Amino acid sequence: MKNIYLIGFMGTGKSTVACELRRQTATILVEMDQVIEEQQRMTVTEIFQKYGEEYFRERETELLRDLGTQENLIVSCGGGSVLRDINTEVMKKSGRIVLLLAEPETVYERVRHGVNRPVLNGNMNLEYIRELMGKRSARYKEVADISVSTDGKNAADICAEILRLL
């Protein structure tokens, strides 16, 4: 099996769906943000604060290049990982890109109590989330091989839909 790259805005369910996909397919799960945190020995928020977003995006690219040489991975990508063309090229060559979608209200409910969302950076509100989702929406849809809505669905049903579409 080629790799499955889960993309989408924060709070669309990438981590939850990745865990369920791993369980259903007996593949290896990679949480990109978690791997970068382990490599850098600091949280994503700390990386953003200390080195800036560009530095973090470089770490994403390095990690994706490494993952692109492997197979049978379920990769939960950071919300901004597809903003760079090189990242999506690596994903396309080594697997399929699955876009997880959710309404802004769903995203807000899922992330509003989280503290490790540096892109929101003091803007934890529905209006800002809606605006940022709007800015990224076209790019997500452009690079995705398939799209699946996560609103009102459990992880098992979402995974069944993904596997059927793939």
Side-chain angles (χ1 to χ4, degrees), residues 1-40 43-44 47-48 53-104 106-107 110-111 114 116-119 132-166:
M1 179 178 97
K2 287 187 155 194
N3 299 329
I4 296 174
Y5 295 94
L6 298 176
I7 67 166
F9 198 76
M10 66 186 83
T12 56
K14 295 181 299 289
S15 295
T16 301
V17 171
C19 286
E20 180 63 19
L21 272 173
R22 179 191 48 81
R23 190 188 69 72
Q24 288 187 21
T25 61
T27 53
I28 298 169
L29 169 60
V30 178
E31 283 279 351
M32 285 186 58
D33 286 353
Q34 182 181 342
V35 171
I36 293 169
E37 286 179 343
E38 290 168 4
Q39 290 172 341
Q40 299 294 306
T43 67
V44 172
I47 296 168
F48 267 67
E53 183 174 357
E54 184 63 24
Y55 178 88
F56 177 77
R57 299 296 173 210
E58 284 293 328
R59 304 299 69 80
E60 283 182 322
T61 299
E62 289 173 1
L63 178 55
L64 280 167
R65 284 182 171 145
D66 178 52
L67 297 175
T69 66
Q70 302 173 50
E71 293 182 344
N72 299 316
L73 302 177
I74 304 294
V75 181
S76 177
C77 300
S81 60
V82 298
L83 300 178
R84 287 180 158 196
D85 289 337
I86 184 64
N87 293 355
T88 56
E89 289 170 20
V90 169
M91 290 183 218
K92 291 277 189 189
K93 287 179 183 174
S94 62
R96 303 286 301 276
I97 301 175
V98 177
L99 171 60
L100 299 182
L101 300 166
E103 292 298 320
T106 302
V107 168
R110 291 176 180 169
V111 305
N116 201 16
R117 307 287 183 177
V119 173
L132 192 53
M133 286 178 79
K135 288 179 182 176
R136 291 186 177 178
S137 178
R139 177 63 177 177
Y140 287 146
K141 290 175 182 174
E142 172 190 334
V143 302
D145 294 308
I146 64 169
S147 300
V148 176
S149 173
T150 64
D151 288 307
K153 298 176 186 171
N154 65 41
D157 291 341
I158 296 164
C159 291
E161 186 174 347
I162 289 170
L163 293 172
R164 181 177 48 79
L165 291 170
L166 289 175

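This one's a predicted model, so the numbers in the text were calculated from it and none came from an experiment. All values below were derived from every heavy atom in this structure, side-chain atoms included, with hydrogens, water molecules and symmetry-related copies excluded.
Using a 4.5 Å heavy-atom cutoff, the side chains of Val148 and Lys153 are in contact. Contact of the Ile146 side chain with the Glu161 side chain is not registered, since no non-hydrogen atoms from C-beta on lie closer than 4.5 Å. Using a 4.5 Å cut-off on side-chain heavy atoms (C-beta onward), Leu6 and Leu21 make contact. Using a 4.5 Å heavy-atom threshold, the side chains of Ile4 and Thr25 count as separate. Counting heavy atoms from C-beta on, the side chains of Met133 and Val107 come closer than 4.5 Å. At least one side-chain heavy atom of Met91 sits under 4.5 Å from a side-chain heavy atom of Cys77.
Side chain of Asn72 to main chain of Ile28: no donor-acceptor pair is present (N/O by atom type, distance under 3.5 Å, no hydrogens or angles). In terms of modelled atom types and a separation under 3.5 Å, the side chain of Tyr140 and the main chain of Val82 share no donor-acceptor contact. No donor-acceptor distance shorter than 3.5 angstrom exists from the side chain of Thr27 to the backbone of Arg22, with no hydrogens or angles considered. In this structure a side-chain-to-backbone donor-acceptor pair under 3.5 Å is present from Glu37 to Val44.
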Quiz item: Hey, mind stepping through Arg57 and Asn87 against side chain to side chain contact (heavy atoms under 4.5 Å, CB included) and telling me if it holds?
Solution: CA-CA 10 Å; Arg57 299 296 173 210; Asn87 293 355; over 6 Å; no

Quiz item: Yes or no on salt bridge (charged side-chain N to carboxylate O under 4.0 Å, His left out) for Glu20 and Arg23, after CA distance, side-chain angles and deciding distance?
Solution: CA-CA 5 Å; Glu20 180 63 19; Arg23 190 188 69 72; 2.6 Å; yes

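Here side-chain hydrogen bond (donor to acceptor under 3.5 Å, both in side chains) pairs that include residues 74-85, with residues two or more places apart or in two chains, are Glu31-Ser76, Glu54-Arg84, Glu58-Arg84, Thr61-Arg84, Asp85-Arg139.
Side-chain contact of Thr16 with Arg110: a donor-acceptor pair under 3.5 Å is absent, judged by distance alone. Between the side chains of Tyr5 and Ser94, a donor-acceptor pair is found at a separation under 3.5 Å.
From Leu132, atom CG reaches atom OG of Ser137 across 11.0 Å, with rounding to the nearest 0.5 Å. Rounded to the nearest 0.5 Å, atoms CD1 (Ile36) and CD (Gln34) are 11.0 Å apart. Distance CG/Leu67 to CD/Glu62: 12.0 Å, rounded to 0.5 Å.
Under the salt bridge (charged side-chain N to carboxylate O under 4.0 Å, His left out) criterion, Asp145 pairs with Lys92, Arg96, sequence neighbours left out.
Shortest non-hydrogen contact noted between Lys93 and Lys2 is O-NZ, 3.8 Å. Heavy atoms only, all atoms of each residue included: Asp151 and Ala102 are closest at OD2-CA, 3.4 Å. When all heavy atoms of Ile158 and Ser149 are compared, the pair lying nearest together is CG1-O, 4.4 Å.
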For residues 7-14, run the donor-acceptor check on the side chains, cut-off 3.5 Å, and write out each pair with its distance to 0.1 Å, sequence neighbours left out.
from: Thr12; atom 1: OG1; to: Phe9; atom 2: O; distance (Å): 2.9
from: Lys14; atom 1: NZ; to: Gly8; atom 2: O; distance (Å): 2.9
from: Lys14; atom 1: NZ; to: Phe9; atom 2: O; distance (Å): 3.1

